[in-house]
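Structure, as structure tokens:
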Amino acid sequence: IEAPAAVAANCEEDRVGRVLQTDFTAGSGNALQAAVASVLGRSDLDGVPNFIAAPEGYEAALRAWLAERSLRFDKVLLNEDGCLERTAARPPGALCVVRGTSPRGEHG
């Protein structure tokens, strides 16, 4: 998630929240919803949709929801060594959500 400078300035490290996942259903859980709520400094899931359950797909739903808030989403893939390419570097202060593997399966 990349925010305009004014928004990023308000999202200092101590402003990032900690919202926990509440739905652990494989393939439709709300880990992404909780991660987005957390990185945007929310205190709960209210007002943040479960993007994974969106009929248009999580990427389209997330992009549209963020655009309404003057934010944007960039999905950056890691190289074959599992590293972020230098060309994919983000500016200091850019907000991010990192995903990893799950015991419930491969998603994303």
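Position 1 is the first residue of the sequence; numbering continues from there.
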Looking at CG of Asp74 and CZ of Arg63, how far apart are the two atoms once the value is rounded to the nearest 0.5 Å?
-> 6.5 Å
Rounded to the nearest 0.5 Å, the CG atom of Leu32 sits from the CG atom of Asn50 at a distance of 8.0 Å
So do Leu71 and Leu40 actually touch side chain to side chain, heavy atoms under 4.5 Å?
-> yes
Give me the atom names and distance for the closest heavy-atom approach of [X] to [Y].
X: Ser38; Y: Val19; answer: OG-N, 2.8 Å
X: Ala34; Y: Gln21; answer: CB-N, 3.7 Å
X: Trp65; Y: Pro49; answer: NE1-CD, 3.3 Å
X: Leu66; Y: Phe73; answer: CD1-CB, 3.7 Å

Verify same cluster id: Val97, Leu20 (apolar side-chain graph, 4.5 Å) = no
Asp23 vs Ile52, side chain to side chain contact (heavy atoms under 4.5 Å, CB included): CA-CA, chis, key distance, verdict = CA-CA 11 Å; Asp23 180 350; Ile52 300 299; over 6 Å; no
Is there a donor-acceptor pair under 3.5 Å between the side chain of Asp44 and the backbone N or O of Asp46?
-> yes
